[in-house]
Amino acid sequence: MPPVRTPEQIRAELDTEREGLATSVETLREELGEATDVTGKLKAKLPLVAAGAASAGFVLAGGVGATFRYLARRGREGDEKLRVGRWSIFDRD
């Protein structure tokens, strides 16, 4: 048979558990706040993020421009030297 606990012992144990739970919740809130602080992380690496965004924009814009230039040129040129699948080599003399 388990030992009998008095109401005072139960209350003291509940208070101890409650304090431990409150401490754990506070720690979790602090860690969650640090983990979700996107602005703080971006401010620390702002030059790197800005350079990456500018590079990505340049590459994407260049890729779109190159594709449209290719498609527009393809219809104008008629002196085809070599064709491999979709790709062609033209003589531009």
Side-chain angles (χ1 to χ4, degrees):
M1 189 165 174
V4 178
R5 296 185 298 173
T6 64
E8 291 80 24
Q9 289 174 330
I10 294 173
R11 284 189 190 101
E13 192 175 317
L14 284 174
D15 287 339
T16 304
E17 291 295 325
R18 193 175 293 130
E19 288 173 7
L21 183 60
T23 304
S24 297
V25 168
E26 186 61 34
T27 303
L28 182 61
R29 283 183 181 163
E30 289 173 3
E31 290 174 358
L32 186 62
E34 291 172 5
T36 58
D37 184 21
V38 176
T39 58
K41 290 178 182 177
L42 280 179
K43 282 182 182 178
K45 298 181 181 182
L46 188 60
L48 181 64
V49 171
S55 299
F58 181 77
V59 168
L60 289 175
V64 169
T67 302
F68 281 117
R69 272 196 319 271
Y70 171 74
L71 293 175
R73 185 185 73 222
R74 190 174 182 188
R76 291 190 310 245
E77 296 183 5
D79 199 11
E80 186 176 45
K81 293 292 184 186
L82 175 67
R83 183 166 195 68
V84 179
R86 300 178 9 177
W87 308 103
S88 301
I89 296 177
F90 294 97
D91 186 18
R92 294 189 177 183
D93 289 342

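Not counting sequence neighbours, the partners of R18 by the side-chain hydrogen bond (donor to acceptor under 3.5 Å, both in side chains) test are D15. In this structure R11 satisfies the side-chain hydrogen bond (donor to acceptor under 3.5 Å, both in side chains) test with no other residue, sequence neighbours excluded. In this view, I10 and R5, L14 satisfy the side chain to side chain contact (heavy atoms under 4.5 Å, CB included) rule, not counting sequence neighbours. Partners of T27 under the side chain to side chain contact (heavy atoms under 4.5 Å, CB included) rule, at least two apart in sequence or in another chain, are T23, E31. For Q9, there are no side-chain hydrogen bond (donor to acceptor under 3.5 Å, both in side chains) partners, not counting sequence neighbours.
V59 forms part of no hydrophobic cluster, judged by ILVMFWY side-chain heavy-atom separations under 4.5 Å. Counting Ile, Leu, Val, Met, Phe, Trp and Tyr side chains that sit under 4.5 Å apart, directly or through other members, L21 shares a hydrophobic cluster with V25. Residues near F58 contribute nothing to a hydrophobic cluster around it, because no ILVMFWY side-chain heavy atom sits closer than 4.5 Å to its side chain.
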Please list, one pair per line, the donor and acceptor atoms closer than 3.5 Å that link side chains of residues 39-56 to other protein atoms, with sequence neighbours excluded.
| residue | atom | partner | partner atom | Å |
| --- | --- | --- | --- | --- |
| T39 | OG1 | D37 | OD1 | 3.2 |
| K41 | NZ | A35 | O | 3.2 |
| S55 | OG | A51 | O | 2.9 |

